[in-house]
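Note sheet for the following structure.
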Amino acid sequence: MSRNLKVRDLTLRDGQQSLFATRMKQESIDKLLPMYKDAGFYAMEVWGGAVPDSVMRYLGEDPWVRLKTISDAMGGVSKLTALSRGRNLFGYVPYPTSVLEGFYREAIKNGLNVMRIFDALNDLDNVKESIKLINDMGGIADGAVCYTVDPKEEPKKQSFLSKLFGKKPAEPEKIFTDEYFVEKAKGMEAYGAKIITLKDMAGLVNPLRAASLITKLKAAVKVPVDFHTHCTPGYGLASVVMAMLHGVDIVDTNIWYFGGGTAAPAIELVYLFAKRLDINVEVNMEAVGKIRKALKEERKQLADFDLHKNDFPIDFDPLTDKLPAEIDALFDKAVVAAKADDEEALLDACHAIEKYFNFPKPNELVKEAEVPGGMYSNMVAQLKTLKSEDLLDDSMRLIPKVRRDAGLVPLVTPTSQIVGSQAVSLAIDRKKGNPDYSNASNQFIALIKGEYGHTPVAITPEFREQITGSPVEHPYDVASYKQPDNPVLADLGGCKLAENEQEYLLLQLLPSVANGFLKKRREAEHAAAAPAVEPEEEAAPQEPITGPCECAPMGGRIIEVAVKAGDKVKKGQLLVIYEAMKMENELEANRDCTVKRVFVKVGDVVGTDAPLVEFEE
């Protein structure tokens, strides 16, 4: 007897985030929604992750409008899901309960059904309150366990005597065992999670591990089990096949042109495998075909952000197109291999299938560095913005080192962004001949302090002292949280920056980007209501720099200026805070001096080595 399989479509959130740096506009999504309504997915992931940040930062759109518009169009046909970071929500600091409560209330009011809740450290203390709040407000709490792997141990040199007497070096301790993940899942279920997701953001769950973990999770918890993975290092499709074979309840997929590569597997390939496994995929595949055709054109529009523009999948409809005999046979070969636990044969068959359809081949660099697809695509986009693309390989190779130094954290937002940007900083440090960690972001410092929670492996006191100035762990105290300012904008008619609860929540969650977004919104409203004014005269040319100057170590956006012309500052005093690669960085005076000129203001975007502050001779 066949069994049913539910599908969570990721195309409109994780798919575009992993492949196209979250650049889909609302107008593009609106065109797809009637077809999605016909498709009848169990769930659609449409919000969370990088969406709230990116739609404000790059598209000038309101994240709340995006959620409400999708909800109104879908009319409850599919559950709408989002991704949140537990105590961190969409931001980079732990928030007090009042902020969590306000955010979840507004999200559910605007149409959200399922909140997938995870913690980047797998610290259950950081998710229990979110699970309770979502359930209490009528939502469905989906507890996500973040998958990661033990570090690669470099071979240790043996002494002459050890070699002589055949003494083997001690085996490194295994941290991320099956039992580790099962216990995290059971803990989330005990807190009230109604779904358990094995969240494999880096695509590192190989097929045999998928078989083992899905089997053990199904035996350990009573709620449905979802498998979320990516294809970046080459395991994704084969591991989903193995998860299906071992009883997974829900799988996460994307639609054809938004699948594969750094994203999750394509539903069309999953559908073909399901037919061979006598599994009924609960989706209207004819409607999926209509979405697929529309997404082909949308992907062309996103070409500037396409990580795999040379790996454009060939046209294919699993309902009507007949496969060549040799390709059809590969699907059968893969199923036989999966049932026999022959991982090598399963992977070979799946890679050959993906090659035929022109999906990207496994990324060995990503596989070696053990990073998620979204992290990789964001690093590429951000290094391009910094005009430092030549540092990508060096940055990727430094990720395992930074991760180990930081307590072996799983790489998922925000730790993926924190570790990734710190690896870029290390690459820049080394290129300039500076010591490692010469420039540590505020978020990296907070992670090492202990403000994000307990890391899987304890951070050494020596490293904590190097980064934070103290060897002692300092957990974050939510009582110290300060509400962001909501200033009255006198030059814009006396309106407030945030005019309602939703806008103020954006300020709380993403203060830097929301500040600029809301300011532009208020300016546009004021301009629409005000009479036209004469243009200002051109400013006089700026005099040349003659004094010592503090410059930007990396390009970024200015979010705070702490000094002005004429100020006498001491060595170590804060000058400027700038945001680079979504991380906050503090620039301090390197000596006692007097400020002559400040070249930047809040909101300015500067390049690497741009002058920020000039001092008197």
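Here, residue 1 is the first one in the sequence, and each next residue gets the next number.
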Practice problem: Decide yes or no for S78 and Y36: does some side-chain heavy atom of the first lie under 4.5 Å from some side-chain heavy atom of the second? | Solution: no

Quiz item: Side chain of T11, backbone of I255: donor and acceptor closer than 3.5 Å?
Solution: yes

Quiz prompt | Euclidean distance, I291 CD1 relative to L33 CG, rounded to 0.5 Å | solution = 9.0 Å

Exercise. Drop me the distance from M115's CE to Y104's OH, to the nearest 0.5 angstrom.
Key: 5.5 Å

Quiz item: Within the distance-only criterion (no hydrogens, no angle test), does the side chain of H351 pair as donor or acceptor with the backbone N or O of G234 below 3.5 angstrom?
Solution: yes

Exercise. For the pair F20 and F258, name the ring-plane relationship: parallel under 30°, tilted 30 to 60°, perpendicular over 60°.
Key: perpendicular

Quiz prompt | Ion pair R8/E45, N-O distance below 4.0 Å | solution = no

Practice problem: In sequence, state the C-alpha distance, the side-chain angles, and the governing distance for D123 and Y452, and then conclude on side-chain hydrogen bond (donor to acceptor under 3.5 Å, both in side chains). | Solution: CA-CA 9 Å; D123 186 344; Y452 284 90; over 6 Å; no

Quiz item: Rounded to the nearest 0.5 Å, how far apart are NZ of K275 and CG of L277?
Solution: 12.5 Å

Exercise. Would you please name every residue forming a side-chain hydrogen bond (donor to acceptor under 3.5 Å, both in side chains) with T148, sequence neighbours left out?
Key: R403

Practice problem: Check whether any side-chain N or O of N113 sits under 3.5 Å from a backbone N or O of L80 as a donor-acceptor pair, and report yes or no. | Solution: yes

Quiz item: If you measure from the Lys or Arg side-chain nitrogens to the Asp or Glu carboxylate oxygens, is any gap between R209 and D178 under 4.0 Å?
Solution: yes

Practice problem: Inspect the surroundings of NZ in K68 and state if more than 12 heavy atoms from other residues, nucleotides or ligands are less than 6.0 Å away. | Solution: no

Exercise. Run the salt-bridge test on D249 and K6 with the 4.0 Å N-O cut-off and return the result as yes or no.
Key: no

Practice problem: Mind checking the OG-CG spacing from S130 to N88? Nearest 0.5 Å is all I need. | Solution: 9.5 Å

Quiz item: Does E61 reach the side chain of R66, with side-chain heavy atoms less than 4.5 Å apart?
Solution: yes

Quiz item: In Å and rounded to the nearest 0.5 Å, what is the CG to OG1 distance from L112 to T81?
Solution: 7.5 Å

Quiz item: Is any NZ, NE, NH1 or NH2 atom of the basic residue among D136 and K132 found under 4.0 Å from an Asp or Glu carboxylate oxygen of the other?
Solution: yes

Quiz item: Are I399 and V419 close enough that some pair of their side-chain heavy atoms sits under 4.5 Å apart?
Solution: yes

Practice problem: Begin with the C-alpha distance, continue with both residues' side-chain angles, and end with the deciding distance and a verdict on side-chain hydrogen bond (donor to acceptor under 3.5 Å, both in side chains) for Y437 and Q422. | Solution: CA-CA 8 Å; Y437 301 106; Q422 197 59 55; over 6 Å; no

Quiz item: Should L32 and M24 count as side-chain neighbours, where that means a heavy-atom distance under 4.5 Å?
Solution: yes

Quiz item: Hey, does the side chain of T415 reach the backbone of P410 with a donor-acceptor pair shorter than 3.5 angstrom?
Solution: yes

Quiz item: Okay, side chain of N110, backbone of L67: is any donor-acceptor separation there less than 3.5 Å?
Solution: no

Self-check item: Side chain proximity check, H228 to L10, heavy atoms < 4.5 angstrom
Solution: yes

Practice problem: Side-chain contact test, heavy atoms from C-beta onward, threshold under 4.5 Å: evaluate it for R105 versus L133 and give yes or no. | Solution: no

Quiz item: Rounded to the nearest 0.5 Å, how far does CG of N363 lie from OG1 of T262?
Solution: 9.0 Å

Quiz item: Is the backbone of M44 close enough, under 3.5 Å, to the side chain of D9 for a donor and an acceptor to pair up by distance?
Solution: no

Quiz item: Is R116 reaching over with its side chain to a backbone N or O of L83, donor-acceptor style, under 3.5 angstrom?
Solution: no

Quiz prompt | Qualifying residue for ring-ring contact (aromatic ring centres under 6.0 Å, His included) with Y147, from Y235, F181, F227 | solution = F181

Quiz item: Would a 4.5 Å heavy-atom cut-off, applied to side chains only, mark E129 and T97 as touching?
Solution: yes

Quiz item: Do any N or O atoms from the side chain of S239 and from the backbone of V205 form a donor-acceptor pair under 3.5 angstrom?
Solution: yes

Quiz item: Quick one: does E183's side chain have a donor or acceptor within less than 3.5 Å of a partner on E179's backbone?
Solution: no

Self-check item: Any donor-acceptor N/O pair, S18 side chain to D14 backbone, under 3.5 Å
Solution: yes

Quiz item: What do the steps show when you test N4 against N280 for side-chain hydrogen bond (donor to acceptor under 3.5 Å, both in side chains), and what is the final call?
Solution: CA-CA 5 Å; N4 291 338; N280 175 46; 2.9 Å; yes

Exercise. State plainly whether the residues E189 and K194 are in salt-bridge range, i.e. N to O under 4.0 Å.
Key: no

Exercise. Please name the residue in the list D226, T229, V281, V240 that meets the side chain to side chain contact (heavy atoms under 4.5 Å, CB included) test with V251.
Key: V240

Exercise. Please work out whether the ring planes of F103 and W64 are parallel, tilted or perpendicular, with thresholds of 30° and 60°.
Key: tilted

Quiz item: Does a side-chain N-to-carboxylate-O contact under 4.0 Å join R3 and D278?
Solution: no

Practice problem: Decide if atom NZ of K184 counts as having more than 12 heavy atoms of other residues, nucleotides or ligands within a radius under 6.0 Å. | Solution: yes

Quiz item: With sequence neighbours excluded, what pairs up with Y271 under the side-chain hydrogen bond (donor to acceptor under 3.5 Å, both in side chains) test?
Solution: none

